[in-house]
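One structure is given below, encoded as structure tokens.
Quick note on labels: first sequence line is chain A, next is B, and so on, each numbered from 1. Just so it is clear, the values below take in all heavy atoms, side chains as well, and ignore hydrogens, waters and symmetry mates.
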There are 2 protein chains.
Amino acid sequence: MARTTGSHSDITRPKIRAAALRLFARHGFAAVSMRALATEVGVQAGALYNYTPDKQTLLFSLLQDHMNDLLSACDNDPSQSAVDRLRQFVDFHIRFHADRPDEVFISYMELRNLTPENFAEVEALRRQYEDRLETILRDGAAAGDFAIADTKIATLAVIAMLTGVNTWFRAGGRLSLDEVIAQYWDMVRKSVTAG
Amino acid sequence: MARTTGSHSDITRPKIRAAALRLFARHGFAAVSMRALATEVGVQAGALYNYTPDKQTLLFSLLQDHMNDLLSACDNDPSQSAVDRLRQFVDFHIRFHADRPDEVFISYMELRNLTPENFAEVEALRRQYEDRLETILRDGAAAGDFAIADTKIATLAVIAMLTGVNTWFRAGGRLSLDEVIAQYWDMVRKSVTAG
DNA sequence: GTCTATACCGCGATAGAC
DNA sequence: GTCTATCGCGGTATAGAC
């Protein structure tokens, strides 16, 4: 510590990551050149290689950090009822994703631009997240709170539905995030309950 | 007609489109070069330009045709009940999309690689499709069959959920398509019904 | 840590022979 | 209708000065 304070590294590194996130989300990883990224940051292209060994590692780092943030933030109290935990999950998922549209977007649009090794790592983190929801649904089904034919399908169906919010929701639009969450919770709850 | 029978045009054109579809879906539009496409087809790069003015037009053509196919195939008998029409929509959507994973994939992954003009055209077709479902939901809500807070949100939520099938379903897997459709119909029905 | 300069490669698209 | 050859450009990444 200490000695690096104030170095350009502390300023330039986050600027590069923020710019990469924004540009990858807007134009796609393959369509963003290192030159364009450097211009956005305000440095020359060569300087970027002080912060990342290559473009691929930069993308991987962004995705990996996003997934780790997601897993860290997704807490769940197993002593609560499955219904309460599901409500909590829906609320969390929509809020967390609405806060990070760029991270979410590249996290599934740019998966195919990862090397096989990097893809496998990100994929493992994604499955961990799915397992959080699957556990809730399985517990609720075992307790008789939910009526689900196949827990894995229900997990994927709910996540797809919730993540879809990101394709259209914009803060300041017709509906507040609270209103959106309320309706999605209503639909999710009913979809996994007997009826 | 007549005279063109057997010309390479009748063979090469569909081969180019099929190869482009497959490669764009697998690697992404920006990551597929015209040389790679030509190799896949079995011709030289220059020959591709006998069939498309440029790479952009090729992508647009694939997406436009897919959306037109979708709209043509999506029929709905308005004399039936909203519940029956919704069931029919769910069945149709999952089957149609499961049959065309590559078309579906590029149809929303590569939207941002369209020129603004081409994007607007494809987007308009996509909204027409959404309107088919929205009409069903609105009719059912008016008839008292459905309990939906906001019809537009419900439309987007249901479509996101159904389209999500394509991210994991593979023919010959653990579940048959009929089983998958049955569970999705169960979840969709309950999610828009009072409960 | 950033700069300038550049090596080396592959891109989309075109020209003209056959 | 396809070929070979090529133009002009822009890509990632590196070298060496400061």
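Taking atom OH of A:Tyr49 as the reference point, atom P of C:dT6 lies 18 Å away to the nearest angstrom. For the pair A:Leu48 CG and D:dG11 P, the interatomic distance rounds to 13 Å; values are reported in whole Å. Taking atom CZ of residue A:Arg13 and atom P of nucleotide C:dT2, one finds them 10 Å apart after rounding to whole Å. A:Lys55 places its NZ atom 8 Å from the C1' atom of D:dG11, with the value rounded to the nearest Å. Here the P atom of nucleotide D:dG1 and the NZ atom of B:Lys15 are 15 Å apart, to the nearest Å. Rounded to a whole Å, the CD atom of B:Gln56 is 18 Å from the P atom of C:dC11. Between the CG atom of B:Asp10 and the P atom of D:dG1 there is a distance of 9 Å, given to the nearest Å.
Scanning both residues, A:Thr167 and A:Arg170, for their nearest heavy atoms gives O-NH2, 4.1 Å.
A donor-acceptor pair shorter than 3.5 Å can be found between the side chains of B:Thr57 and B:Asp54.
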Review point. What's the verdict on salt bridge (charged side-chain N to carboxylate O under 4.0 Å, His left out) for A:Asp102 and A:Arg26, showing C-alpha distance, side-chain angles and the deciding distance?
Key: CA-CA 8 Å; A:Asp102 287 346; A:Arg26 185 126 57 218; over 6 Å; no
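Between A:Arg22 and A:Glu40 there is a salt bridge, with a side-chain nitrogen of the basic residue lying less than 4.0 Å from a carboxylate oxygen of the acidic one. Between B:Glu123 and B:Arg126 there is a salt bridge, since a side-chain N of the basic residue sits under 4.0 Å from a carboxylate O of the acidic one. Between A:Lys190 and A:Asp186 there is a salt bridge, since at least one side-chain N of the basic residue sits less than 4.0 Å from a carboxylate O of the acidic one.
In this structure, B:Thr12 does not reach the D:dG1 phosphate: none of its side-chain N or O atoms is under 4.0 Å from OP1 or OP2.
Between A:His97 and A:Tyr129, the ring planes lie tilted relative to each other; the angle falls in the 30° to 60° range. The aromatic rings of B:Phe24 and B:Phe29 lie perpendicular to each other, with more than 60° between the two planes, well past the 30° mark. The aromatic rings of A:Phe92 and A:Phe96 sit tilted, their planes meeting at an angle between 30° and 60°.
Within residues 16-35 of chain A, no residue places a heavy atom under 4.0 Å from DNA chain C.
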Distances under 3.5 Å between protein N/O atoms and the N/O atoms of nucleotides 3-5 of chain C, please, pair by pair.
{"unit_1": "C:dC3", "atom_1": "OP2", "unit_2": "A:Gln44", "atom_2": "N", "d": "2.6"}

